[in-house]
Structure formats: C-alpha cells, structure tokens
Amino acid sequence: MDYSNLRRQIIFMKKSFFDQGYLDEQFNQLEELQDESSPNFVEEVVALFLKDSPRLLINIEQAIEKYPQDFYRLDSLVHQLKGSASSIGAVRMKNECSVLKAHGNDKNLEGCRRSLQKMKREHATLKQKLESYFQLLRQVGPRNSAVNSRK
Amino acid sequence: MAPPEEAGGGEFPVGMKVLVVDDDPTCLAVLKQMLVQCRYDATTCSQSTRALSMLRENRRGFDVIISDVHMPDMDGFRLLELVGLEMDLPVIMMSADSRTDIVMKGIKHGACDYLIKPVRMEELKNIWQHVVRKKFSGNKEHEHSGSLDDTDRNRPANNDNEYASSINDGADDSWKSQKKKRDKEEDDSELESGDPSNSSKKPRVVWSVELHQQFVNAVNHLGIDKAVPKKILELMNVPGLTRENVASHLQKFRLYLKRIAQHHAGITNPYCTPASSAQVASLGGLDFQALAASGQIPPQALAALQDELLGRTTTSMVLPGRDQSSLRLAAVKGNKPQGEREIAFGQPIFKCQNNSYGAFPQSSPTVGRLPSFSAWPNNKLGMADSTSTLGNVNNSQNSNIVLHELQQQPDTMLSGTLHALDVKPSGIAMPSQSLNTFPASEGLSPNQSGFLTTIPPSMKPEPALPNSQQSNNLLGGIDLINQASTSQPFSNSHGGNLPGLMNHNSNVMPSQGISNFQTGNIPYLVNNSSIGVGSKPPGVLKTESTDSLNQSFGYICGSSPMDSGLLSSQPRNAQFGFLQSPNDVTGGWSLQNVDNYRNTIGPSHPVSSSSSFQSSNVALGKLPDQGRGKNLGFVGKGTCIPNRFAVDEVESPTNSLSHSIGSSGDIPDIFGFSGQM
C-alpha cells in the first residue's frame, strides 16, 4: 500500500538491472512503447522471451551434445537467441551469445559447453529478477508502472 | 509516444501498411508495438511462406515489408527477391547480424534498408521514406516521355536515393552495386533463365501474352503518344514490374509498330476494302506476331487471332482463320528464331469497334507478316516450336488472307457480334467478361484457355457479344475482335492462346493455345503463379485491363490467372472464339480450317473431320504441334517471371485442360468444342 515505497523499490531495482548490466537501453525503449492501449506491454514481451528462450537453449544444448555436432545449426540457433535477447535488452545474454557463437565457429566444443552453461545461468537470473520486478509493478497498479519507475 | 488520437487515417505516413516477418516472437512483438507507436498499420507474420501468400493475395495490402534474414522456412534474402520481383514493394531486412558482408548481401538482393537488431524506434520512424522513394522514382519516369534515355537518366538518381539510405553499417557502395544491377535489368528485357541463386539482379520480366496485353491496353488507353512508362506501369498495375521493364518494352513496342506500319503499307489487300482491313490486318498481324513472337501464343492462336483481326467473318476469307493465323504465325515465327518470342502486339488490337487501332498509327500491313517484334522474351512456351512449323507453311498466304479478312469486314465482324463464340468474325470475341479470369494457363478449359488467355477479361470489349461473354474470358481478346474491327483478336487472348481468337472460325485451336496457356507453359502465368506479375488474381489484370481491353492490343499475355472457372462457365461456344456461328463461314471454314489446320498446324488433336465448324475448331483448338500435346505454344504463360518464381500452380490445373485439348477431340465440353459450338 505504500505506493511511494513500492515505487522506490521498483526504481531501485530497475536501476540495479542497468548497473549490473543485465539490461540495456533497449529495455527503456520497451517501456516507452508501453501506453494506455498496451499497458502491460513490457511485461508481455518479457514473458514472451522467457517462454521462448528455454526452447532455444535446449536446442542449442542438443546441437552441442549430439554427435556429430552440427555447428551450422548451432550458429543459427544462437543467432536467434541473440536477436531475441537483444530485443528486450537482455544485454548479458546477448553478449554471452556472441561468445558462444565464437566458440561454435571455432568448433571449440568445450568452449561451447561452458558458454552454454553460463548462458543458462544468466537466463535463470534474468528470469528471476524480471519476474520480481513485474510483480512489484503490478502491486503499484497499472498506471504507475514503467513510466513512473523511470523517474 | 505518438498521441493516440490521430491514429490511422490521415496523411502519410500515418497508416502506412507494414508487414513484419520474423520467426522470433519476442522480436515480432516488439516491432509491432514500435510500428503501432509510429502510427503505422502493422501486420506480423512468423513465417515467410505465409507472408508471401499474404502478399500475393493482397498485393496492394502492404506498403513496405520488414523481414528478418534468418528464418527457418525460407531465407530472408529469398523472400526479399520474391517480393521485389512479384510485388515490387520496398523490403527492409533486419538481423542481429551486423557483419558487413551480410549487409551487403541484403543490399544486393534489393533490400531498401538493413536494420540491426535490436531495432530502435528512430529507425522505424524513417522507413516510410523507402515507400516514398519508390513511388517517386516511378514518378520521375513519368515526367519523361518514357524513352529509355530517361530511364537511364533517372536510374542513377533513383538509385542514389534508394540505396543511399540509412543502412546500418551498410557498405557505402551498396547503392552502386544496386545501380549496376538495375542497369543490367534495364538493358536486358529478355527472360532470364531465372536462376534464383543469381541474387544480384532481379529476374527479368517475361512479357507474356497477358502481360503484353495489359501493356497494350495501357498504352492504348493512354494513347501511343502519351504513353509513358510510368503511366503504363500504373495502369498495368502489375506487381513486380518496374518502370524500367515497361520502358524498354515500350521502346520495343514502338519499333514494332513502326514495322507493322511498314508492313502494312506493303501488303495489299487482296480482298478488300481498305482501311479497316488494313488496320485489322495489321492489328491482327500485330497480335499474332507478337504472340507468335513471344512464342507464347501457339501459332494457332495467333492465327485465330489474326483471323479475328481481320475480322474474318464468315466469308470466304478463306483462310480459315486458322490457317491464316497459323500462317501468320508462321510467318511471324518463321522469321524469328525460336528462342525469341515476341509478342508483337503492336497495337491495341482490341480497340474495338472503332477500330481504334489508334494505338497503331497505321495498322498497316503486317498483316501478313507480322513483324517480329521481339519485345517479348521468349517464353518457354513451346510456341516457338510450333509456330515455326506453322509459319513455314503458309506465311504469305495467311497474311494475305488475313488481311483480306480484315478488310472485308473489319467492322462488321468485329463489331457487333462478337458473340463470343459466335464466331463471328471475331470469333474470338469471347465475351469480354469471362476473360477476366483467364488464368493464364490454368484452368483454362481448352477452349477457354486459348481464348482467354489472350484476352484479359477486361479486354473484352463490350461489344455486342452477348453471350460470348463468357467465352470472352478465353479469348478475352476475341471479344475485342468483334468489337473493333477485328483488330483485336488476338490481343485479347491472354495467354496467347488466342487461337481461339480467331474469329471466325477459328477457334484456332484455342484449346491448344489454351492448353498451353494453361498448363504451365507459361512460366509466368500471370495469374496463376504467384509470380509477380499478375500474380494477382485475374482480377488484377482484369481490372486494369478492363478498360483498356477494348483497346487492348493483341496483348495476349496470359493475364493473370485465368480463371478456369470462368472459362468453364462460359458457354461452350463462347469459348474460344469459336466461331459460334457455325453457319457462318464457319462451315466453310471449318473444313478449311480443319484441313488447313491439320495440315499446317498439325494439331495435336486429331482434327476431326467433322464438317461442322466446330469440329474444326476443335482441332484448331489444338495447337499445332507445338503443343506437345498440350500446350501449344501458349504464349504468355507466366512469361513474366522467371520460372522459378512461378508458383507451382501454374502447372497444375490446366493440365487437364490442355490435355483435353490436345487429345484431339477431348476437348472438354466447356469449350463447346466437341463438335459444336
């Protein structure tokens, strides 16, 4: 009920995302896209990402683990994930994708595996953080969300 | 954020229709929201194939496409090519991949822009510029008289504008390569072998019968003097067709007209009267030639067309339309190397009734010999083959005859009675209406196809033909014939099957022609395939041409998909312009035709020796050999777009028709071939 408190929390949380490099400017862009006609736009998009990316991660893992490895497919999958992550501003994941891609191009299997593990962790962290964030937002009510939290 | 209140409506770029294609749902959602914020009308699609079919169904439904590069079902570059070819819409590529070589590839494939993901709002706000640029580059052409020079002059400018846009990390010289590509395209209007892997340039436009017909209609409508590529392009409204294509085609067309005029002057009309005949002849010649040239029209069709032109009416003209046409065709074709099919549509043959052959300055001579107008690239139709055979046969005769016919009654014939199948002189006169759907090769019922194919529905001149209407489709052009003094004939035939057009009797093989037309002979069946041109449903062609149909020149092109349905719906008689009136000349003709036909054409169908005209028609219908049994050199099928773009459909439906035609005597009833019209 203490909206101001909540709002402060939200603001703070968001700031930390940026400071720690989980999110980048693209996330702000998303928030700007949110308006009356799409009040939960950011949350929806993030949800979409969080729902779709595990599938990609699994496919990437399969591409790495199966023998013989299909690096071409791996590259394609990682590319997809990279595009997806960048769309919501998930910068850490995006960067990790680049790393994974590089390993794949080098056909460095070990490197790929390590990178994939890191990617999974990043994904899990991001998911948890964003979900708490949106939960807070919901508490303050629809109109008070992104726009205000930016201030 | 844009204020919600003035959403949509209003001035450009508000409400600009954008289609976004991306397999990533997250990205798609973000883009859509951004586009909505920009006040564009955004549609999303996660599959390329679906996007393509959406575009094909509704060519005008979108102003710009944004497509991801990496997609599972179809490579983004391929989609880019197809869209550019078929619909000529600006396409913006996007990808998380920012490597210069990929960006370069995008540009070379014709992308208007290349965005790197994540896409920012500012970038999307500017995409309307691409739409405008494309339009303006067309406008520029319009200012000039459409000579190629203008094009050349414009091109560099256009290219600069188009390709110097904000390409992220784009290569600086991307526009140069684009320009080169366009230059190349411009110069060469021949049908490219359609190598999809040749990503550096757009496939050439194949000037199928239908396409040519549309072109002719447009030119006619504008008036030969005022016909500038831009306007023609607009009138034609064919997706994927560029101004450059039109400009070069126009240039050729003009040359053709000149040639026709010269020819015509040279040919005396043995039979008759003057003017009209001459015109008719020339027109006829034109059409045929063009058709023949394009190889799209089976010789028979051409003959028929010619007959029509000549307004062959019942009389004696003798040469059963068919023969003549074939002769003419032969003549036409004979001159040309196989490969070169040209549609010699010189003039709006269809101009009906009043012979508005206006388009051609003088309808001169050509009757007999259709100058080979090599405007059209040869299409793959077997026309070439067949025509040559035909051609040899009677060139001279035909021409004379045709001319004669034309002369005789150009007016009478055409004008009135077009009854569509009534064979009246314009035999082909298919009632205009049906032509519409002349699916280029598809589905045309044997008769129909021939008929329709050539004449875009719209072409059908309204003429008096009452019933022919339906058949019009087939002959599309035929109708015209009636109307105008036969000049039309062939032009109508879409798809080059004009054979049916042959007026009087000729159904000239409509079936054959049709078959060809339908069957997939036409690679680029305007309609059928999703090939760009005319990928639009027949309607597209039609609409455009409807007005001009009447004037349409022998545009035989298989305009967009002929509706086989239409064809079938037509009365049998109407169908290919078979001379409906058996009584008319036909009787006489038929036999003659038949014979001639047989001889000359060597119709694949066994020409029934039936005395009835119809029968002969039927035979006629079958295109002479060329059809390998099925499609007789049906012109125009799909010549517009290289085969690869041809959607598979092209091949399909018509097969049955063509076969039927070919199978001598199998002609499906719809065409009323079976012995009686």
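Labels below follow one simple rule: chain letters A, B, ... track the order of the sequence lines, proteins then strands, and each chain is numbered from 1.
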Region of Asp97(B) in contact with chain A, defined by heavy-atom distances below 4.5 Å: both
NZ/NE/NH1/NH2 to OD/OE distance under 4.0 Å, Glu65(A) and Arg113(A): yes
Max heavy-atom pair count under 4.5 Å with chain B, selected residue of His79(A), Lys82(A), Lys51(A): His79(A)
Asp68(B) versus chain A, the contacting section by heavy-atom distance below 4.5 Å: neither
Minimum heavy-atom distance Arg60(B)-Lys17(B), with the two atoms named: O-CE, 3.9 Å
Side chain, backbone, both or neither of Phe41(A) within contact of chain B (heavy atoms, under 4.5 Å): side chain
Phe134(A) and Phe27(A) aromatic ring geometry - parallel, tilted or perpendicular at 30°/60° bounds: tilted
His123(A) and Phe49(A) aromatic ring geometry - parallel, tilted or perpendicular at 30°/60° bounds: tilted
Largest heavy-atom contact set with chain A, pairs under 4.5 Å, which of Met71(B), His70(B), Lys117(B): His70(B)
NZ/NE/NH1/NH2 to OD/OE distance under 4.0 Å, Asp101(B) and Lys105(B): no
